[in-house]
Enquirer: 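My questions all concern the structure below.
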2 protein chains.
Amino acid sequence: MPVNLNDPRVSRTRLLIMQAFTELVEEQKNVYSISVQDITARATINRATFYAHFEDKYAFLDCWISRKFQILLKEALPKGRITGTGSLRTVVQTVFDVLARFRQYMTHPGNSRFEPMFEIAMQKELYSLLLEWLNEEATVSPDKVETTALVASWGIFGAAVQWSRDPRNLTSETMVHRVLEVAAAALAPVLGE
Amino acid sequence: MPVNLNDPRVSRTRLLIMQAFTELVEEQKNVYSISVQDITARATINRATFYAHFEDKYAFLDCWISRKFQILLKEALPKGRITGTGSLRTVVQTVFDVLARFRQYMTHPGNSRFEPMFEIAMQKELYSLLLEWLNEEATVSPDKVETTALVASWGIFGAAVQWSRDPRNLTSETMVHRVLEVAAAALAPVLGE
DNA sequence: GCTGGAATGTTGCCTACGCGACAATTGGAC
DNA sequence: GTCCAATTGTCGCGTAGGCAACATTCCAGC
């Protein structure tokens with residue numbers, strides 16, 4: 001449990017772990033079969049050090065997927081956050097894309113137990129992203145803002161999960177379009193529209 | 001002064017320093033203007049740690065150029081070392097190539113003071129490479145072998161330096177060919193030919 | 001020449017990492 | 001079911017790296 005997260009060694013170790021796992025995932029596509037030993041060997045750090053940074057494998061996966069989602073969003077969004085209904089579309093599209101992407105990792109037997117983790121991490125991230133945006137634009141009470149962000153994040157996210165599990169011949173574009181309309185309506189009151 | 005060179009932290013730190021310097025050299029081509037501060041910042045290690053690994057900047061440069069030369073040779077030679085008069089040609093060619101390459105870094109004012117270091121490091125490396133090979137093939141006394149390796153390494157190397165300073169319209173191929181003939185003659189007695 | 005700022009080295013204290021050994025849990029094969 | 005091997009997670013001790021502060025050397029500009 002490193003104390004100072006600004007210590008260069010700490011940042012470097014975390015970065016090495018993240019990169020190592022990303023490489024391994026891209027190589028073998030099978031999250032389940034990647035052991036802590038594999039990760040730390042690739043990262044050239046000690047296995048004990050891994051546990052000094054993360055409660056356990058699940059806590060790490062949670063952290064990893066969050067960061068990965070954040071990075072993908074940061075790449076997709078101009079300023080790294082939502083700035084208007086226009087960029088909201090980008091976010092929703094990213095959620096759909098990421099879920100479609102991770103779906104393939106989950107097809108291996110044994111991987112399905114990780115699924116909820118990935119999903120929960122994404123929903124949380126989506127929630128804070130929406131909340132940050134709404135708080136800037138808000139014309140109503142904080143409670144109302146938080147609830148709106150919560151409902152919207154779950155709504156968008158849940159729809160994406162549902163679709164990723166069973167696309168029913170619908171393209172992600174179609175779904176994004178439909179979901180966006182509903183989400184916009186839910187957000188409208190808070191945005192003073 | 002790290003004690004155990006097999007400690008993963010030590011290997012990693014050295015690797016980071018080497019890579020950082022290689023990157024900086026490729027970016028700004030000017031060895032002279034690269035400070036220890038620059039190297040350690042790029043390598044994400046502390047400046048004090050640098051001095052724990054290397055006596056000073058010169059010792060580091062010496063080490064770096066040796067490694068670089070070794071790596072280039074390892075890439076050029078099939079088994080990473082000399083296996084016969086055929087591969088001797090490869091080595092000589094590499095010496096000429098490397099010197100021609102580093103020549104451009106030395107044109108900047110102030111860099112010329114580093115020149116002898118680069119050259120000495122290369123000669124030493126060439127010497128041990130030749131010695132290793134001759135010791136396997138040797139049919140004469142160890143003294144004779146060492147002297148032959150010494151003279152040959154300086155001969156090959158010196159010719160390359162001379163040429164790199166003033167090519168006199170001669171291609172490296174021409175020079176390699178000529179030098180190789182002389183070197184082969186010098187080595188012949190030890191090789192029992 | 002002199003002077004000031006930057007780069008080079010040095011030192012002591014604290015923290016993070018490596019390691020080996022250990023117990024606990026998992027999951028597959030029989 | 002039982003076993004066995006691999007993986008997970010923990011702990012204590014030794015070592016390497018980070019940091020701040022310092023003295024020294026080196027040039028550039030006056």
Enquirer: Taking only residues two or more places apart in sequence, or in another chain, which ones meet B:Glu136 in a salt bridge (charged side-chain N to carboxylate O under 4.0 Å, His left out)?
Expert: B:Arg81
Enquirer: If the sugar-phosphate is the primed atoms plus P, OP1 and OP2 and the base is the rest, what is the B/S/- string for nucleotides 12-23 of chain C, using protein heavy atoms under 4.0 Å?
Expert: ---BBBSB----
Enquirer: Whole angstrom is fine here: how far is it from CD1 in B:Ile34 over to C1' in C:dA6?
Expert: 17 Å
Enquirer: Excluding sequence neighbours, so at least two apart, what forms salt bridge (charged side-chain N to carboxylate O under 4.0 Å, His left out) with A:Asp7?
Expert: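 Only A:Arg9 meet the salt bridge (charged side-chain N to carboxylate O under 4.0 Å, His left out) criterion with A:Asp7.
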Enquirer: Write down the distance between CG (A:Leu16) and P (D:dG17), rounded to a whole number of angstrom.
Expert: 14 Å
Enquirer: Does anything in residues 39-49 of chain B form a salt bridge (charged side-chain N to carboxylate O under 4.0 Å, His left out)? List the pairs, not counting sequence neighbours.
Expert: B:Glu23-B:Arg42, B:Glu27-B:Arg42
Enquirer: Atom CZ of B:Phe50 and atom P of C:dT8: how far apart are they, to the nearest Å?
Expert: 8 Å
Enquirer: What is the distance, to the nearest angstrom, from the NZ atom on A:Lys57 to the C1' atom on D:dA6?
Expert: 12 Å
Enquirer: Sequence neighbours left out, what passes ring-ring contact (aromatic ring centres under 6.0 Å, His included) with A:Phe96? Give chain and number order.
Expert: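 For A:Phe96 the ring-ring contact (aromatic ring centres under 6.0 Å, His included) partners, ignoring immediate neighbours, are A:Trp163.
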Enquirer: Starting at CZ of B:Phe54 and ending at C1' of C:dT8, how long is that distance when rounded to a whole Å?
Expert: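 Result: 16 Å.
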Enquirer: Can you pull out every salt bridge (charged side-chain N to carboxylate O under 4.0 Å, His left out) where at least one residue sits in residues 138-154 of chain B? Sequence neighbours excluded, please.
Expert: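 Checked against salt bridge (charged side-chain N to carboxylate O under 4.0 Å, His left out) - neighbours excluded - no pair reaches residues 138-154 of chain B.
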Enquirer: Please state how far atom CG in A:Asp56 lies from atom C1' in D:dT7, giving the value in whole angstrom units.
Expert: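 The distance from CG of A:Asp56 to C1' of D:dT7 comes to 13 Å, rounded to the nearest Å.
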Enquirer: Between the axis at one end of the helix from C:dG1-D:dC30 to C:dC30-D:dG1 and the axis at the other (five pairs apiece), what's the angle to 10 degrees?
Expert: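 One end axis against the other gives 40°.
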Enquirer: Where is the tightest heavy-atom contact between A:Ser153 and A:Leu126, given as atom of each residue plus distance?
Expert: O-CD2, 3.4 Å
Enquirer: To the nearest Å, give me how far apart OH (A:Tyr51) and C1' (D:dT7) are.
Expert: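 Rounded to the whole Å, the gap is 7 Å.
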Enquirer: Can you list everything that forms a ring-ring contact (aromatic ring centres under 6.0 Å, His included) with A:Tyr127? Sequence neighbours excluded, please.
Expert: none
Enquirer: Figure out the CZ/C1' separation between B:Phe60 and C:dA7, and round it to whole Å.
Expert: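 It works out to 16 Å between those atoms.
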Enquirer: Scan the side chains in residues 177-186 of chain B for donor-acceptor partners under 3.5 Å anywhere in the protein, sequence neighbours excluded, and list what turns up.
Expert:
residue  : atom : partner  : partner atom : Å
B:His177 : NE2  : B:Glu181 : OE2          : 3.4

Enquirer: May I have the step-by-step check of side-chain hydrogen bond (donor to acceptor under 3.5 Å, both in side chains) for B:Ser87 and B:Thr90, ending in yes or no?
Expert: CA-CA 5 Å; B:Ser87 58; B:Thr90 307; 6.0 Å; no
